[in-house]
Protein chains: 4
Amino acid sequence: MPRTAAQNKEIRQTRTQQILEAARQVFAEQGFYGARMSDIAQAIGVSQGTMYHYFRSKDELFLAVLNVWNEQIKAIVQQLPNSDLSTVDKFWLVNQLAASFFETGEDLLPVLVEYWAYTLRNPEAAASFREFFILMQQSFKDILQAGIEAGEFKPVDIEIASALPLIILDGVTLLTAILGKDFMQPVEQTRLAQELVFEGLLTKMEEPV
Amino acid sequence: MPRTAAQNKEIRQTRTQQILEAARQVFAEQGFYGARMSDIAQAIGVSQGTMYHYFRSKDELFLAVLNVWNEQIKAIVQQLPNSDLSTVDKFWLVNQLAASFFETGEDLLPVLVEYWAYTLRNPEAAASFREFFILMQQSFKDILQAGIEAGEFKPVDIEIASALPLIILDGVTLLTAILGKDFMQPVEQTRLAQELVFEGLLTKMEEPV
Amino acid sequence: MPRTAAQNKEIRQTRTQQILEAARQVFAEQGFYGARMSDIAQAIGVSQGTMYHYFRSKDELFLAVLNVWNEQIKAIVQQLPNSDLSTVDKFWLVNQLAASFFETGEDLLPVLVEYWAYTLRNPEAAASFREFFILMQQSFKDILQAGIEAGEFKPVDIEIASALPLIILDGVTLLTAILGKDFMQPVEQTRLAQELVFEGLLTKMEEPV
Amino acid sequence: MPRTAAQNKEIRQTRTQQILEAARQVFAEQGFYGARMSDIAQAIGVSQGTMYHYFRSKDELFLAVLNVWNEQIKAIVQQLPNSDLSTVDKFWLVNQLAASFFETGEDLLPVLVEYWAYTLRNPEAAASFREFFILMQQSFKDILQAGIEAGEFKPVDIEIASALPLIILDGVTLLTAILGKDFMQPVEQTRLAQELVFEGLLTKMEEPV
DNA sequence: AATGAATGAGGGTTCATTCAT
DNA sequence: TATGAATGAACCCTCATTCAT
């Protein structure tokens with residue numbers, strides 16, 4: 001007896017999730033080039049052929065893994081400027097998000113580094129990253145703009161300054177992925193960097209909370 | 001009559017340089033995995049076999065390319081703490097070095113990103129990077145230590161703060177490599193980030209220069 | 001609908017046999033180093049890649065070819081001491097086996113010679129050959145032991161004498177592989193050598209049968 | 001000042017000897033395919049190029065190594081039939097030669113095995129080996145012929161029987177090369193095999209000396 | 001939907017040999 | 001005579017992807 005359409009749909013969803021999770025793990029451990037489709041297939045006990053019923057290619061799978069992550073981040077950060085939070089609290093929220101990322105998403109760190117290298121050779125990935133960056137930067141621009149207009153911030157070059165949070169986050173991510181927590185204290189370093197930047201932008205000196 | 005030892009040495013030096021330069025360029029254009037040994041060989045008009053008289057493997061060549069760069073940076077940064085410069089000027093110097101890197105070593109940017117991904121899978125590369133990081137960080141620790149003792153800097157956690165210049169530099173490098181100069185202004189962003197961090201560390205507020 | 005496990009098993013068995021046979025032939029014709037994996041693949045009309053679904057490497061395939069042969073021989077010779085045959089007939093049986101080998105397994109002769117050279121550099125092959133030798137020698141030791149205890153054989157040093165059949169067989173195999181049947185009469189030479197040895201071991205002189 | 005012709009000649013002879021000895025050793029250790037020309041060159045501290053001033057190719061060098069050995073053996077064995085020794089003593093002499101070979105020329109054993117494998121693919125080597133075999137066999141034929149005519153030996157098929165000493169020697173050589181002296185007693189096994197064969201050929205029984 | 005046998009292009013690496021000095 | 005830099009053909013093996021069942 002053939003499966004119902006609903007059953008098939010559920011199978012597809014479950015499998016897709018399984019593959020994405022296994023892929024994320026294997027890519028983290030082996031890197032994009034080191035990971036074999038058969039490794040990922042084996043990790044969830046399906047055949048290689050099955051992989052291609054869910055993702056057209058290794059590249060597509062890799063991008064899908066990253067996409068899951070990108071979408072999550074984008075959803076959060078895009079809401080920042082529109083939220084009721086004060087400028088101060090917006091920056092704090094970014095720090096908290098970063099901290100939770102460094103604490104709970106640790107296995108994603110190497111995948112991100114692989115992804116960055118990957119974007120250098122894959123125009124589609126590069127475009128996707130660019131879009132991601134622009135969205136993120138726009139959020140910070142909006143915050144800065146509001147802060148400057150309100151007289152809270154010095155009139156710095158928004159174009160320049162709005163990249164700083166991402167620069168810091170990516171810098172910490174990168175070094176933490178490579179060096180590990182024996183050499184990096186990502187939460188503290190992110191917080192200090194963001195604080196110094198934030199305070200430096202303020203027109204009046206405030207004590208960090 | 002065979003070539004003299006001096007002649008042979010010169011040939012080897014010249015060839016080694018040629019290969020390193022060609023490799024840097026090809027790795028920058030094609031990436032580590034995209035680059036073929038034959039591409040590099042062809043770029044300088046030698047056979048593939050010749051490559052292996054100078055470097056045992058593609059991996060070794062890649063690491064050698066990076067090593068040239070690492071050594072240059074290390075040499076400069078290690079001298080910073082011992083120089084006669086004031087703390088302020090030391091930080092300025094870092095900025096100038098970064099600026100010159102972003103302006104003249106642009107082709108190395110993607111190679112660095114690949115290298116970072118590479119260190120995740122290659123223990124030797126990881127060790128080498130770790131050593132590089134520690135040396136660099138130590139220089140900044142020394143500067144900070146001196147500044148704090150002189151009362152110029154707030155008594156921040158040196159362990160945390162000493163990583164910030166590298167975090168910023170690597171963050172800017174990463175984003176510039178991926179996004180290009182249409183989306184990044186590496187010189188300005190590095191300068192602003194360093195300034196804000198620097199000023200934030202000062203006990204007395206000064207106007208940015 | 002995927003193939004059943006039984007179907008897959010049969011495919012694997014058939015292919016494995018095909019490859020082993022083709023390999024034996026190509027190794028015989030071209031030698032271990034002269035044979036290319038692609039030659040063997042072509043001989044049965046499969047791709048090179050398929051070869052590696054069945055054997056991990058050229059070395060493993062070569063050893064597998066020899067193993068098929070070793071196992072056949074071992075199975076026969078190990079039964080010799082326990083059989084109901086008289087000592088005389090056991091020796092005769094060895095001769096008949098040798099004869100059938102020289103007549104039907106002619107193509108394996110050069111492969112054996114290559115294998116012997118191969119064992120010199122490959123510890124695994126050496127161990128396997130050693131095991132094979134010990135098993136074979138043990139059979140002859142048992143026969144000799146029984147013969148000496150029964151008073152049929154002179155009390156020769158069993159350790160020494162038990163190697164003679166193998167020495168003769170391998171000596172004939174070697175020379176026949178190299179010189180061919182224009183210069184060697186392997187069946188007759190094996191028989192004569194074994195007869196002389198056998199008779200020499202007897203306590204009473206008998207006419208050769 | 002250029003060297004004199006005499007000096008050059010001496011250099012050539014010395015170097016040739018050095019290379020032959022180094023080659024014998026390296027071929028013994030690594031096998032024909034495992035040995036690199038550079039290994040041999042390095043063993044005596046000359047460049048790779050120098051090798052080709054003395055031997056046209058790796059193959060030629062390998063054959064030259066074997067030729068040295070073949071010539072020595074041939075010289076001895078060819079004299080056997082014409083010597084004043086009795087048939088008994090001729091056989092004994094063969095044994096003594098074999099014994100001294102197994103005791104002093106041990107490092108040549110693997111080279112011989114390599115050589116045998118080599119003859120399978122190299123017509124020139126095969127021809128050389130055939131010639132060697134025929135010469136050796138002829139010596140034994142002569143001895144047998146004389147023995148039969150003198151009534152000392154049974155009228156066996158000379159063609160068949162004359163190969164037995166070589167079969168035994170090569171069989172023992174082969175197994176000793178592969179198994180080593182933990183598993184083989186080449187001197188004793190050769191002696192016993194030759195004795196049994198020899199006695200079996202005698203018309204009258206004699207006690208081995 | 002799932003399987004796994006099969007494909008085949010692709011590239012790193014080795015090493016005997018050559019040749020300019 | 002000697003050197004060693006350079007050559008370049010050769011081949012094993014990998015692995016993403018396809019396809020018959």
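Bear in mind the structure is a predicted one, so any value in this text is a computation, not a measurement.
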**Q.** Straight-line distance of Asn70(B) CG to Phe132(B) CZ, nearest 0.5 Å
**A.** 4.5 Å
Q.
Using 0.5 Å steps for rounding, measure from the CZ atom of Phe27(C) to the OH atom of Tyr33(C).
A. 11.0 Å
Q) Under a criterion of less than 4.0 angstrom to any heavy atom of chain D, what are the 5'-terminal and 3'-terminal contacting nucleotides of DNA chain F? A) dT1(F) to dG4(F)
Using the test side-chain contact (heavy atoms from CB on, under 4.5 Å), find all partners of [X] that sit at least two apart in sequence or belong to another chain.
X         : result
Asp107(A) : Arg24(A)
Ala177(D) : Leu120(C), Leu109(D), Val113(D)
Ala22(B)  : Ile40(B), Ala43(B), Ile44(B)
Tyr52(C)  : Met37(C)

Q: Hey, could you give me each pair passing salt bridge (charged side-chain N to carboxylate O under 4.0 Å, His left out) that has a residue in residues 45-56 of chain C? Not counting sequence neighbours.
A: Arg56(C)-Glu60(C)
Q | Under the 3.5 Å Watson-Crick or G-U criterion, the dot-bracket string of DNA chain E, with | for inter-strand pairs | A | .||||||||||||||||||||
Q | Residue-level proximity of residues 12-20 of chain C to DNA chain F when a heavy atom falls under 4.0 Å | A | none
Q. Among residues 28-67 of chain A, which residues get a heavy atom nearer than 4.0 Å to DNA chain F?
A. Ala35(A), Arg36(A), Met37(A), Gln48(A), Tyr52(A), Ser57(A), Lys58(A)
Q. For Arg36(A), which residues count as a salt bridge (Lys or Arg N to Asp or Glu O under 4.0 Å) partner, sequence neighbours excluded?
A. Asp39(A)
Q: Identify the heavy atoms of Ala23(B) and Val65(B) that sit nearest to each other, and give their distance.
A: CB-CG2, 3.8 Å
Q. Do the side chain of Lys9(B) and the main chain of Thr4(B) share a donor and acceptor less than 3.5 angstrom apart?
A. no
Q. Sub-3.5 Å donor-acceptor pair from the side chain of Glu29(A) to the main-chain atoms of Val26(A), do we have one?
A. no
Q: Residues of residues 3-10 of chain C with any non-hydrogen atom less than 4.0 angstrom from an atom of DNA chain E: list those, numerically ordered, please.
A: Arg3(C), Asn8(C)
Q. Which one of Trp69(C), Phe55(C), Tyr118(C) satisfies the ring-ring contact (aromatic ring centres under 6.0 Å, His included) criterion with Phe62(C)?
A. Tyr118(C)
Q) With side chains defined as the heavy atoms from C-beta onward, is the minimum distance between Tyr115(D) and Phe32(D) less than 4.5 Å? A) no
Q.
With a 4.5 Å cut-off on side-chain heavy atoms, are Leu63(A) and Ser128(A) touching?
A. no
Per-pair distances, 0.1 Å, donor-acceptor, side chain in residues 12-21 of chain A, under 3.5 Å, sequence neighbours excluded:
| unit_1 | atom_1 | unit_2 | atom_2 | d |
| --- | --- | --- | --- | --- |
| Arg12(A) | NH2 | His53(A) | O | 2.8 |
| Thr14(A) | OG1 | Glu10(A) | O | 2.8 |
| Arg15(A) | NE | Gln18(A) | OE1 | 2.8 |
| Thr16(A) | OG1 | Arg12(A) | O | 2.5 |

